[in-house]
Every structure is written in C-alpha cells, then in structure tokens.
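Scroll down for the structure; my scribbles are underneath it.
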2 protein chains.
Amino acid sequence: MATIKDIAKIAGVSVTTVSRALNGYSDVSEKTRSRVEQVAKELKYSPNAVARTLVMNKSKTIGLLVSDLNRAGAKDMFTYEVMCGINDSVSDEDYDLILFSTNHDKQQVKTYTQLCQERQVEGVIMQGVRMNDTYLTEIMDSQIPCVLIDVELEGDSVGYVSTDNVFGAQMAVKHLVNLGHKKIGFINGHDQALVSKKRREGYEKELTSAGITIDESLIANGEFNELQAEIVARDILTKHQDITAFFCASDLMALGAMRAIQQKGLRIPEDISIVGFDDITLAQYTSPPLTTVSQDKYQMGYVAAKLLIGMLTNSDQARKTILDNQLIKRGSTAPVKR
Amino acid sequence: MATIKDIAKIAGVSVTTVSRALNGYSDVSEKTRSRVEQVAKELKYSPNAVARTLVMNKSKTIGLLVSDLNRAGAKDMFTYEVMCGINDSVSDEDYDLILFSTNHDKQQVKTYTQLCQERQVEGVIMQGVRMNDTYLTEIMDSQIPCVLIDVELEGDSVGYVSTDNVFGAQMAVKHLVNLGHKKIGFINGHDQALVSKKRREGYEKELTSAGITIDESLIANGEFNELQAEIVARDILTKHQDITAFFCASDLMALGAMRAIQQKGLRIPEDISIVGFDDITLAQYTSPPLTTVSQDKYQMGYVAAKLLIGMLTNSDQARKTILDNQLIKRGSTAPVKR
DNA sequence: TTGTATGCGTTATCAG
DNA sequence: CTGATAACGCATACAA
C-alpha cells in the first residue's frame with residue numbers, strides 16, 4: 001500500500017529522487033539512496049506494476065492463450081507440460097503470465113487485439129489453435145509478437161515452435177515397414193490441424209519410398225478423440241481383414257484404436273501392431289505399452305517463451321524452432337505374422 | 001491503441017461523456033451515446049484495463065499461485081484439472097487469471113504481499129502449498145482474500161476448498177476391511193501436507209472401529225512420489241510377509257506400490273489388494289485397474305474460484321467448502337485369501 | 001545531485 | 001445531460 005510518495009515524504013526527498021534511487025540510477029548520492037532504501041524497507045514498499053505499466057507502456061506480461069482449456073485435455077497432458085515449460089522460461093526473464101482461455105465462441109465476442117490491448121500484454125503464446133480459428137488471421141495482422149505452438153505460420157511478428165511432424169510420422173511408419181508391415185492403417189486428427197497435414201505427409205512419403213501405394217480407405221480422421229478413433233478404427237478393421245498395423249496421429253487416438261482392435265478379438269502386437277504419437281504418460285501403462293513418437297512438450301513451451309521474449313527485445317531474432325522427435329519402441333509393435 | 005481521448009475528439013464530446021457513454025450510464029442522451037459507440041467501433045477501441053485498474057483500485061484479476069508447477073505433476077493431473085475449474089469459474093465472472101508459480105526459494109525473495117500488490121490482484125487461489133511454506137502464515141496475516149486448495153485454514157480473509165479426506169480414507173479402508181483384510185499397509189504422503197494428516201486419521205479411525213489395532217510398522221511416508229512409494233512398499237512387504245492389502249494416499253504412490261508388489265512376485269489383487277486416492281486418469285489403465293477414492297478436481301477449482309469471488313464482493317460470504325469423495329471400485333481389490 | 005512539472009488512460013467529483 | 005479537473009502511482013524531460 002505504500003507508494004513512492006509515502007517514501008518521499010518520510011525520507012524528506014522528492015518522488016523523483018525516490019524513483020531514481022530505487023531504480024538504481026547513478027545520479028543519486030549514496031547517502032540519499034541508502035536512506036530511501038531504508039524507508040522503503042520499513043514501509044514494506046513494493047512497486048505498483050500497474051502504474052508502471054501505464055507510464056512505461058511495458059507490462060512485463062505475456063499472454064498465454066489456450067484454445068479449449070478443459071478437462072478433455074486432461075488425458076493427454078500436452079497443454080500442462082507446455083505450460084510448465086513456458087512458465088519456467090518466463091520466470092527466468094522476469095515476465096509474468098496471464099492466462100486466457102479461448103474458443104470459437106469467445107473469439108467472436110472479443111477480437112484478439114482487444115484481448116491483448118486490454119491487459120497490455122507484450123506478447124502472446126498460443127496453444128491449441130485450429131487453422132480455422134478467427135484469431136489466427138488476426139494474429140498475422142496484429143503487431144503484437146506471438147509465438148504459435150504447433151502451427152507453422154510465420155510473419156513479421158509471428159513465429160512458432162513445432163516438432164518435426166513429417167519426420168516423426170516417417171519414423172513411425174518406417175518402423176512398421178521394417179517389421180514387414182505393408183497394409184498400414186492411418187488414423188489422423190482433423191483437417192483443421194496443421195500437425196495432421198504434416199503427419200499425413202510423413203505417412204505417405206514413407207509408404208511411397210517403401211514402394212507401397214497409398215490406399216485412401218485405410219485412412220480416416222479420428223478428430224484427436226479417443227472415442228471417434230475407436231469408431232473409425234473399427235470401421236477400417238471391418239473393411240480390411242488383412243490389415244496388420246495402425247499408425248495413429250495421437251496416443252489418445254491410439255488408445256481408442258487399441259480398444260477397437262481388442263474388441264475384435266485381435267491381439268496387440270501379435271495380430272495388429274500400433275504406433276501412436278505424443279508419448280503421453282498413459283502410453284507407458286497401456287497393455288501392451290504403446291510404441292510412439294515422443295514430443296518434448298516441456299521443451300516446446302520453454303523454447304516458445306524464449307523465442308517470444310527474444311522477439312520482444314530485438315526484432316531480427318529468429319522466429320521459429322523445429323524440435324526433434326523420437327521414436328519410443330515399446331510393446332505394441334512386432335514383426336508381421338506370415 | 002485508440003483511447004477515449006481520441007474518441008472524444010472525433011465525436012466532439014468530452015472524455016467524461018465518452019467514459020460514461022461506454023460504461024452504460026443513464027445520464028447521457030441516446031444520441032450522443034450512439035454517436036460515441038459508433039466512433040468507438042470505427043476506432044476499434046478497447047478499454048485499457050491497466051489504466052482502469054489504477055484509478056478504480058480494482059484489477060478484476062485473480063492470482064493463481066501454484067507451488068511447484070512442474071513436470072512431476074504431469075502424471076497426476078491434479079493441478080491441471082483444478083486450473084480448468086478455476087478458469088471456467090473466473091471467466092464466468094469476467095475476471096482474468098494471472099499465473100504465479102512459487103517454491104520455497106522464491107518465497108524468500110518476494111513476500112506474498114509484495115507479489116500480490118505488484119500485480120494488484122484482488123484475490124488469490126493457492127494450490128499445492130505445504131504446511132511449512134512461509135507464504136502460509138503471510139496469507140493469514142494479509143488482507144487479500146485467498147482460497148486455499150486442500151489446506152484447511154480459515155481466517156478473516158482466508159477460506160479453503162477441500163474434499164472429505166478423513167471420510168475418503170475411511171471408505172477406502174472400510175472397503176478393504178469388508179473384503180476381509182486385517183493387515184493393511186498405509187503409504188502416506190508427507191507430514192507437511194494436511195491431506196496426509198486427514199487420510200491417516202481416516203485410516204486409523206476405520207481400523208479402530210473394525211477392532212484392528214494400529215501397527216506403526218505398516219505405515220510409511222511415500223512423499224507423494226512414485227519411486228519413494230515403491231521403496232517403502234518394498235520395505236513393508238519384506239518385513240510383513242502376511243500383509244494382504246495397501247492403502248495409498250495417492251494413485252501415483254499406488255503405482256509405485258504396485259510395482260513393488262509385482263516385483264516381489266505377488267499378484268494383484270489375488271495376493272495383495274490395493275487402493276489409491278485421487279482417481280487420476282492412469283488409474284483406469286493400470287493392470288489391474290486401480291480401485292481408488294475419486295476427488296472431483298475440476299469441481300474443487302470451480303468452487304474455489306466461486307468462493308473467492310464471493311469473498312471479493314461480500315464479506316460475510318461462506319469461506320469454505322468440503323466436497324464429497326467417492327470410492328471407485330476397480331480390479332485391484334479382492335476378498336482376502338484364507 | 002535533486003526537484004518540478006507533465007503525462008500514461010481511465011474514472012469520479014462537482015459545477016454548469 | 002455535459003464538461004473541466006483532479007486523481008490513481010510511477011517515470012522522465014527539464015530546470016535548478
């Protein structure tokens with residue numbers, strides 16, 4: 001509650017002097033400085049960041065804009081882990097984080113720029129955007145620096161962090177191909193996700209280079225949803241009795257597919273091999289444990305924040321980073337029976 | 001970037017009028033109001049919450065203070081789910097959330113009051129505090145309304161949300177007792193957690209009422225840590241060959257204990273029954289699926305925020321809520337062999 | 001080395 | 001119904 005005014009009065013100096021003393025300016029005598037600091041301590045003074053923001057036009061605040069922050073995300077801990085990385089990163093740099101959750105409806109009510117201006121955030125990290133979210137175009141038009149997670153869009157003030165989804169998918173499919181699989185189903189996310197495009201690209205690329213022709217009827221969208229994945233997996237299994245493997249664009253969907261497989265009376269990995277994507281915690285605990293492409297979610301968040309803060313301070317900073325993925329071989333994949 | 005000043009100039013009125021027109025005051029003619037709104041829209045005006053905070057002394061901001069926000073928490077999604085509840089709740093009421101992560105070290109650098117004052121948060125929700133965190137006493141002394149998650153401390157401006165941990169533990173133990181278990185190990189968290197005290201209380205209460213005497217050597221702290229729980233479980237199993245069940249104060253620790261049990265060549269639930277606490281997502285996927293006491297974490301967050309906002313608006317608001325828990329019976333418990 | 005005056009964007013008071 | 005003015009807490013250009 002104490003302000004520099006209070007300090008000034010007690011210390012018998014002007015507010016200007018207090019301000020400068022506390023901010024470490026050199027043009028203040030050691031004597032007054034120590035006196036001011038003394039009084040500040042006595043009064044348990046702490047600077048009002050709000051007032052400072054107003055006058056400096058710098059809030060030292062970063063907006064964390066999460067699309068669909070909800071319980072559904074609880075199974076795959078993606079958002080949480082990314083957040084941990086961001087949090088560690090920003091506190092290193094003495095920024096604070098303000099959390100916005102958004103969704104399609106909210107985006108109609110308040111524009112991106114409004115959202116940012118109201119709270120005077122210096123920059124934004126956006127997680128979970130869809131390609132058709134209205135905010136995405138606004139971000140590109142806006143001057144406010146923004147780093148996107150898993151959306152590879154670049155602009156003057158827009159950068160991104162992603163993992164190498166094409167290569168990740170290639171590793172997954174190559175692993176299956178090496179095990180002798182030829183008929184490999186692909187359960188993708190949805191068309192609004194860039195990662196889905198990328199993972200499909202990897203899937204097709206690897207099959208092609210293995211001399212296997214793409215069969216559209218082996219591919220379906222599971223909407224990144226466990227249940228939906230189960231449904232489409234069941235459908236594919238019914239249509240293709242001779243399928244021997246699945247590649248799923250997320251572990252969560254792999255869980256759904258596993259259920260479909262097991263309900264058909266098929267065994268994993270003896271009858272059907274399956275590979276997921278993400279390496280969520282659950283992946284280690286399914287039976288059998290799930291082979292998957294691991295993404296370092298914490299690192300994604302950490303790097304995203306670093307990138308953003310870099311952009312905030314110097315403009316010709318690199319604006320994108322692609323992290324490597326890793327294939328984690330577990331029990332859900334095996335050589336094809338013959 | 002547009003301010004009310006800009007609007008005033010263009011609309012040909014004073015800033016006062018603009019302010020009142022935009023804030024829906026009645027003492028402004030319909031004509032000027034619509035004119036002002038028109039101009040505001042043209043200029044894509046959005047109010048500067050920072051300036052407003054300064055003058056109103058109300059930030060419409062709630063601090064979410066999380067102790068040890070890190071990857072370790074990724075397995076039990078506690079914090080994430082609580083956060084989702086809080087987020088939904090505060091956005092209902094048009095508050096924003098600012099995220100602070102703290103730990104023992106950080107608490108020495110900046111006091112609780114400083115942290116709050118700097119960002120002018122109106123209230124705080126605190127998750128993951130330990131009984132010996134210095135912030136805890138500061139919270140009690142502070143005037144800033146605060147709601148604690150799972151720490152049952154009450155004061156003039158302090159409330160809490162928790163679940164009925166005593167009863168939850170009792171349900172767990174009663175379930176085991178009903179299955180015929182008499183020698184029931186208890187892997188607790190640590191002494192700095194209130195929930196640990198409570199769960200122990202429930203454990204002892206239920207055993208006593210079943211006529212079973214408490215054996216201290218069957219009880220150990222697993223520090224809410226999977227590995228530590230595995231270690232102490234192994235220890236107890238070695239010392240007590242005739243133990244038939246475990247009650248663990250968290251699912252995460254139950255995972256550790258399960259590993260210890262299985263490594264001993266014992267089967268779950270045939271040889272050893274086990275009950276956890278929390279109902280984390282993983283609990284459904286272990287083999288066998290884990291019987292556990294379910295806490296509605298989302299609801300905890302939701303209620304916490306509601307409580308806090310209530311305290312912010314009227315002072316004689318209820319300050320605490322205890323939510324019910326639920327025993328979820330799964331495959332990890334069975335009648336005792338004889 | 002220190003102090004005075006001004007402004008950041010908004011709301012509130014009070015007079016017209 | 002409207003407007004001039006002060007105030008919130010802080011930083012800074014300028015003056016002394």
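Just so you know, these numbers come straight off a predicted model, no measurement behind them.
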Mind checking what makes salt bridge (Lys or Arg N to Asp or Glu O under 4.0 Å) contact with B:Arg35, not counting sequence neighbours? none
Restricting to salt bridge (Lys or Arg N to Asp or Glu O under 4.0 Å), what partner residues turn up for B:Lys60, sequence neighbours left out? none
Going by side chain to side chain donor-acceptor pair (under 3.5 Å), name the residues that satisfy it together with [X], two or more places apart in sequence or in a different chain.
X: A:Asp88; value: A:Tyr298
X: A:Gln127; value: A:Thr79
X: B:Asn103; value: none
X: A:Glu122; value: none

Listed nucleotide nearest any side-chain atom of B:Ser14, set D:dC10, D:dG3, C:dT4: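 Of D:dC10, D:dG3, C:dT4, D:dG3 is nearest to the side chain of B:Ser14.
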Counting side-chain heavy atoms from CB outward, which of D:dC8, C:dC8, D:dC10 is closest to A:Leu54? C:dC8
Five pairs per end, C1' atoms only: what is the angle between the end axes of the helix from C:dT1-D:dA16 to C:dG16-D:dC1, to 10 degrees? 50°
Under 4.0 Å, heavy atom to any atom of DNA chain C: which of residues 15-36 of chain B qualify? B:Thr16, B:Ser19, B:Arg20, B:Asn23, B:Tyr25
Which of residues 38-49 of chain A have a heavy atom under 4.0 Å from DNA chain D?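 Result for residues 38-49 of chain A: A:Tyr45, A:Pro47, A:Asn48, sorted by number.
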Got a sec, which residues hit side chain to side chain contact (heavy atoms under 4.5 Å, CB included) with A:Ser29, two or more places apart in sequence or on another chain? A:Lys31, A:Thr32
For A:Asp156, enumerate each residue passing the side chain to side chain contact (heavy atoms under 4.5 Å, CB included) test, keeping only those at least two apart in sequence or located in another chain. none
Check residues 138-145 of chain A and write down every donor-acceptor pair under 3.5 Å in which the side-chain atom is one partner and the other belongs to a residue at least two apart or another chain.
from	atom 1	to	atom 2	distance (Å)
A:Glu138	OE1	A:Tyr112	N	2.7
A:Ser142	OG	A:Ile144	N	2.9

